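Predicted model, so just to flag it, every value in this text is computed and none were measured. Below, read A as the first sequence line, B as the second, and so on, with proteins coming before strands; counting in each chain starts at 1.
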Amino acid sequence: MAETLVIQPDTGFLRELLRSGGADLKKCYQCATCSAVCALSSEQAPFPRRQMLEAQWGLKDRVLGDPAIWLCHDCGDCTAHCPRGARPGDVFGALRREAIRHFAWPAFLGRWVNDPRALPLLVLIPVLLFGFLWAFGPEAASTHPGRTEFANEFPVPLLEAVFFTISAAVIAGFAVGLKRSVRAWRDRGAASPIWPNLLPALREIATHRRFAQCGAERWRYRGHLLVMWGFVGLAAVGTVIGLGHLAGAVHTPLAQSHPLKILANASGAVVLFGLGLVWAGRLQDPARRARTTYFDWYFLVVLAGVVLTGALSELLRERQMEAMYAVYFVHLVLIFMLFVSAPYSKLAHLAYRTAAMAASGGRAGR
Amino acid sequence: MTADGKPILVIGGGIAGMTAAIEAAEAGCRVILVEKEASLGGRVARMNLYFPKLCPPSCGLEINFRRIRNNPRIEVLTLARVEHLAGGPGDYDVTVRIAPRYVTSACTLCGDCARACPAERSDEFNFGLSKTKAAYLPHAMAFPALYVIDRAACPDGCAACREACRYQAVDLEQREEVRRYRVAAVVAATGWAPYDAARIDNLGYGRFPNVITNVIMERLAAPNGPTGGKILRPSDGKPPASVVFVQCAGSRDENHLPYCSAVCCAASLKQAAYVRSLYPESKVVIFYIDIRTPGRLEDFYRRVAADGGIELIKGKAAKIDQDPATGDLLVTAEDVLHGRITTVRAGLVVLATGIVPNSAGLPPGFVRDEFGFAMNSSGAAGLYAAGCVHRPEEVSASVQEATGAALKAFQCVARSTGHA
Amino acid sequence: MPEKIGVYICSGCGIGEALDVAGLAKLARGEFKAAAVEIHPCLCGADGVALIRRDLAAEPPRADKLVIAACSPRAKTDAFAFDRRTVVERVNLREHVAWSQPPGEDDTQRMAEDYLRMGIVKAQKSAAPEPAAEAVSRKILVVGGGIAGISAALEAAGAGYDVLLVEKEPQLGGFLATVKRRFPGEPPYTELASDGLKGKIEQVLYHPRIRVWTSAKIVKTSGQPGQFDVTLETPSGAAGDRVGAIILATGWKPYDATRLAHLGYGLSRDVVTNVELERMAAAGPIRRPSDGKPVGEALFVQCAGSRDPDHLPYCSSVCCLATLKQAHYIREGNPEAKVFIVYKDLRTPGQYERFYRAAQDDPLTFLTKGEVSAVVRRADGKLGVTVTGTPLGADLVVNVDLVVLAAGMVPNSADGPAIRELKDNQLKVLQSDSAAQRAEAARRVEELKRHEGTEILNLDYRQGPDLPVLEHGFPDSHFICFPYETRRTGIYAAGAVRAPMDGARAEQDALGAAMKAIQAVEMAARGEAVHPRAGDLTYPSFFLQRCTQCKRCTEECSFGALNEDAKGTPQFNVFRCRRCGICLGACPERIINFPNYSVDMIASMIKAIEVPDEFEEKPRILVFLCENDAYPALDIAGWNRRRYSPFVRVIPLRCLGSLNIVWIADALSRGIDGVLLVGCKFGDNYQCHFVTGSELANRRLSNVKETLERLRLEPERLRLEQLAIDEYDRLPELIDRFAARVGELGPNPYKGF
């Protein structure tokens with residue numbers, strides 16, 4: 001006997017979907033071509049057909065509480081084959097954004113990060129913060145007199161203080177958001193235990209084995225794989241240096257020959273290349289495949305910005321040019337933006353998708 | 001009452017055109033019926049049985065041929081195309097270009113030419129699934145009952161047919177002929193063509209031999225078809241143990257035909273019945289979005305669906321792979337009502353491809369909608385479209401429309417002679 | 001002047017090789033003293049035909065009746081078309097002998113000789129037809145003033161024909177006059193059309209050729225095509241007129257919603273039908289009937305009654321479109337209103353698919369496949385609707401202010417034969433002397449009571465006062481290729497009474513019906529039969545002095561061509577007649593005959609067959625073929641050079657229903673060993689062009705078989721086979737199988753008597 005739903009369409013939610021990302025949502029007439037062509041859809045709980053209907057009907061809690069929306073890699077196969085032009089891929093993108101907002105804590109950050117009108121604010125805050133620290137912060141005891149060094153602008157301990165604090169906040173944001181989301185999955189009865197399934201999920205993430213099956217878009221899978229690994233590399237280096245410094249084990253600036261330095265530079269290069277692929281892919285033939293929204297651009301631009309300014313400031317430092325300070329300042333601002341928005345921007349998917357994959361038994365696809 | 005008026009022109013000798021011509025002629029009009037092929041009958045002549053009665057089209061065609069034979073008011077032109085049309089309601093000037101048949105009306109149907117002919121040609125009546133001699137009769141009940149010679153298929157300088165014919169009916173020197181007529185009105189009944197299934201990349205037509213279309217299925221099931229009425233797999237000529245029908249193959253699809261072709265549901269139900277009655281052990285699955293059987297066709301739907309060997313699954317078949325070992329096909333769809341992916345192994349897959357109007361060559365004056373269907377609402381008075389060139393529809397609806405179009409044409413004649 | 005028969009034998013197309021044509025010529029000269037006998041190597045060729053024309057034109061003519069022994073009568077019709085005053089008999093030596101029998105054999109020659117004899121005898125017994133020349137009215141009667149009737153009237157008038165339009169309501173317009181908007185009719189097929197009916201009504205009211213009667217009904221329609229006399233009951237008293245043909249456009253009525261209690265009708269005033277909603281919409285903003293509050297949520301239940309064997313087994317074809325349209329009414333009336341649509345299959349064929357897609361685009365219209373399993377009244381005044389079998393993988397409960405039942409269409413038709421049967425049985429209840437009969441009659445009356453007083457045309461026909469109906473009460477055609485075929489010549493149904501359809505289709509349908517009506521009067525004026533024997537000038541004559549009033553002819557005519565007087569004597573109406581000859585077959589007194597098709601003629605043809613003595617072991621088998629389907633099939637078998645028994649002799653019949661059992665008696669008494677009848681399929685999906693012909697033949701045959709047994713003759717000597725025209729490969733097998741069986745039975749004991 002099937003469960004019984006009392007239908008109360010959330011028209012606000014529906015209109016929001018239609019307004020941003022899911023404009024063609026209502027065109028779906030449930031032929032299920034999408035579920036059949038999707039390489040990631042599963043035998044017993046196929047998507048995106050049913051989620052399309054739930055979204056059409058504005059069944060907010062039901063559809064946002066469905067881990068399936070995270071299993072989609074937005075390859076656009078469904079959109080390309082949809083006979084009605086309902087663009088399920090775009091709808092799923094919009095659903096993921098709505099889910100992040102819906103589960104976000106604190107909620108206002110969820111709103112800000114996904115609202116272009118709030119962008120100046122997101123920029124202004126770090127600018128003011130670092131501006132303040134630069135102007136009134138503790139004078140950097142010039143460890144390298146007469147040289148152009150990062151530490152001359154902001155003493156390392158100060159930055160550590162700032163970023164460790166932020167990290168803590170970010171982790172908290174992730175934790176709460178995830179907790180809410182997982183509870184929603186459970187309420188929907190759509191989730192298996194996460195921890196035992198985490199390993200297989202991570203294996204899939206590490207290899208992108210299933211993502212590779214997404215017929216249409218090789219570039220997306222390759223790009224995404226590179227960006228992910230590059231990002232992991234940078235994150236690792238950042239953490240190691242940070243902690244190492246704290247422990248007094250690492251002393252910046254590192255020599256170019258230093259393994260960490262090499263890893264950092266390599267990772268940066270990988271991220272940039274990956275981003276290039278993704279970017280190029282998104283620009284070619286957007287009508288047929290995935291449409292790109294502010295939600296996507298915000299993440300892509302900030303991430304690219306971080307890496308580019310990082311590389312540039314490094315270069316200027318090598319050249320011992322004063323301009324380095326300015327670039328480094330921008331670099332820090334962007335890192336701040338990336339960090340703070342992590343649980344609410346597209347970047348959040350790294351947590352949600354991982355959990356969703358685990359919650360769906362560590363496996364998507366057939 | 002209108003016998004003294006100008007004739008009317010009917011373009012297309014399929015069931016709709018034939019009907020328009022006959023109904024108008026029996027009411028008293030003179031009619032010129034122009035058909036581009038060598039014989040009348042169009043699409044229906046290629047069908048095995050009609051739904052929902054499961055009766056042969058040749059039954060009604062024979063009656064209509066007799067009505068034409070016995071009616072001196074109808075002039076039939078085959079291998080003919082309307083080249084130029086000018087004028088207005090009540091008085092059109094039309095030019096018809098008639099390709100040579102190379103066989104004259106002296107032909108007695110004895111068949112000596114075909115027996116003597118050394119050359120073969122692909123038989124487009126069977127969508128190229130079989131061959132005929134270069135001197136051939138389109139099909140056993142062809143009307144006009146005259147052989148044709150496909151000169152393109154003839155070896156250089158060959159005159160075997162001419163030597164074989166004892167009635168001097170073969171004229172290899174025959175030339176293209178151009179005729180001019182003054183007519184009071186024009187009925188376009190140029191019919192339809194099946195949508196090119198090869199353009200639906202995920203369904204494998206053209207890549208996998210055992211993926212066929214519904215029009216080919218009609219030929220395979222027809223007693224006068226390439227397999228003599230046995231439904232056999234193109235890959236190995238064996239009877240299929242299971243047959244899958246894919247509805248809306250191109251229709252209701254913004255990437256192909258945005259409209260519904262209106263007949264494919266009933267057609268597939270009919271073809272499912274062919275398979276089941278021919279092979280009682282066989283299994284049939286029909287993947288559909290909505291089953292559309294309006295009016296009394298619902299009875300037919302209920303009757304066919306009651307057969308335990310036929311399963312209807314709501315969900316569009318969107319992925320077809322071939323098992324290279326057996327030539328079988330794996331058809332994947334979501335079973336929407338059970339919310340699970342299902343993959344069915346099929347010996348033969350039939351794509352229910354849709355209707356594309358044959359409106360490209362219509363004379364100026366006919367107005368077409370965004371899909372290419374000729375419109376009567378905004379077309380010029382004196383020019384009327386009927387049948388599938390006007391709207392995708394089943395045979396009886398085409399005939400119904402054609403009868404109506406005959407009256408519109410009849411009115412033009414009546415007006416031009418002052419009777420109305 | 002004694003008739004001169006000219007026999008022209010073609011030796012072409014292999015006839016000369018297969019047969020001794022000189023022998024045939026000798027037979028014609030000898031046995032039949034034919035006035036002219038010619039052999040020609042290509043009779044259909046220019047000089048062959050010239051030869052015949054020369055004999056016809058000679059002074060005095062060398063021949064006035066032609067026997068053309070060549071190819072099938074289906075072939076070379078142009079070549080052998082002489083003026084209709086000349087009797088032309090075609091003997092099929094090619095398809096039925098030369099192409100289907102071994103050349104040069106004695107049996108083949110004998111077959112040809114018999115066919116020639118039969119042909120000559122047939123010609124002798126044939127007379128040129130005298131066309132029925134009677135004054136006809138060209139006026140068209142249109143019954144029903146809805147969209148179909150209005151269109152039919154305008155189109156017929158537009159073709160120059162006077163029209164009499166009868167509407168039972170006080171005003172024209174029918175259902176469409178009550179709708180707010182109509183379905184999209186033009187590209188892009190997404191916008192509802194404003195009703196275009198008013199203009200049309202105006203045109204009708206002021207058209208010089210159209211006479212309109214409103215609030216009127218037909219009390220009597222007598223006569224026949226070209227000569228229907230109609231009596232009307234109108235507000236201004238009785239009126240009468242003579243018309244040539246009739247178009248029945250009485251439209252439809254909504255299905256009785258009180259029978260839809262299971263979907264909540266009657267539960268609350270807030271459960272309405274789509275027709276009721278249309279009225280509400282036309283009247284003004286749509287509000288909740290119970291309290292006049294605005295509608296916040298509405299739910300449409302598709303197929304309310306339709307596609308349901310317990311209610312309307314058919315699909316009403318328009319409800320999906322109507323619902324999409326009405327959803328739009330509600331949404332445009334209240335931008336916050338939510339509309340739910342629950343359907344079995346969403347049916348928007350053709351270009352209407354675009355309308356569906358556009359309707360979907362509305363954010364607050366929610367569609368799903370599903371079945372409504374319950375509608376309940378809630379404490380808060382709303383209606384709770386439970387939906388099962390949805391693609392959501394869950395059952396739904398939707399609480400709404402308004403439930404709209406998409407109820408289907410029921411034709412405004414009357415079942416003529418049923419009404420007749422009702423009246424007959426009512427009479428029996430009063431008059432039958434046996435109690436059992438009275439009881440049986442009373443039972444039938446009960447079953448048929450619902451037809452009481454449903455008459456529309458009040459036809460003065462023996463077969464009943466209205467058109468016969470097919471399944472579900474639609475007086476539709478049974479034929480796919482002939483959608484206007486009718487069993488009452490000159491009377492054509494159009495619009496929603498014929499089949500469920502929308503307004504646009506009904507307009508289109510009316511056009512076709514008008515064409516058929518016009519055609520019917522024009523062909524009557526020329527004395528011609530209509531389809532399927534279009535153009536046939538012959539018709540049966542009745543030698544009534546010998547009529548025994550057995551009523552078989554009047555009962556069996558599928559087209560109601562024959563009325564009865566008080567005594568039961570048939571009264572023939574030539575323009576109702578389709579010339580199938582079923583009456584001829586029915587008559588035990590052999591008093592019904594056509595000038596070129598008579599009981600005596602076929603009997604004489606049978607007598608013309610030479611039957612060898614039994615010790616020759618050459619059986620003779622008579623095959624009666626339906627000339628519409630079975631005969632062409634045998635032609636094609638010949639064209640395919642299919643061999644079959646040389647002992648068969650084929651006689652084509654206009655319809656197997658014209659088989660008179662006398663012929664079977666004649667055949668058997670002549671010593672013919674077996675008789676095979678091949679006709680069209682009968683049953684629900686019958687293919688007989690004259691409706692019941694082959695079935696009647698079958699019934700008659702079973703009666704004969706009983707007599708046969710009394711005569712100690714094996715009933716297997718008679719057999720009827722049903723054959724479709726495309727079964728031309730099966731026909732020779734079927735003939736041979738029967739020949740073999742007859743062979744086993746041995747010779748007919750009556751041989752030689």
Given that the side chain runs from C-beta out, which part of C/Tyr356 has a heavy atom under 4.5 Å from chain A: side chain, backbone, both or neither? both

Toward chain A, the part of C/Thr368 with a non-hydrogen atom under 4.5 Å: both

Looking at A/Arg15, I want to see if its CZ is surrounded by more than 12 non-hydrogen atoms of other residues, nucleotides or ligands under 6.0 Å. yes

Side chain, backbone, both or neither: which part of A/Glu54 has a non-hydrogen atom closer than 4.5 Å to chain C? both

Engaged part of C/Glu336 at the chain A interface, taking heavy atoms whose separation is under 4.5 Å: side chain

Sub-3.5 Å donor-acceptor pair from the side chain of A/Ser20 to the main-chain atoms of A/Glu16, do we have one? yes

Under a 4.5 Å heavy-atom cut-off, does chain A meet the side chain of C/Leu367, its backbone, both or neither? backbone

Has A/Asp24 got a side-chain atom pairing as donor or acceptor with A/Lys27's backbone, closer than 3.5 angstrom? no

Side chain / backbone / both / neither for A/Leu59 at chain C, heavy atoms under 4.5 Å: side chain

Check: A/Cys28 main-chain N/O paired with A/Gln56 side-chain donor or acceptor under 3.5 Å: yes

For the residue pair C/Arg331 and C/Asp362, what are the closest heavy atoms and their distance? NE-OD2, 2.5 Å

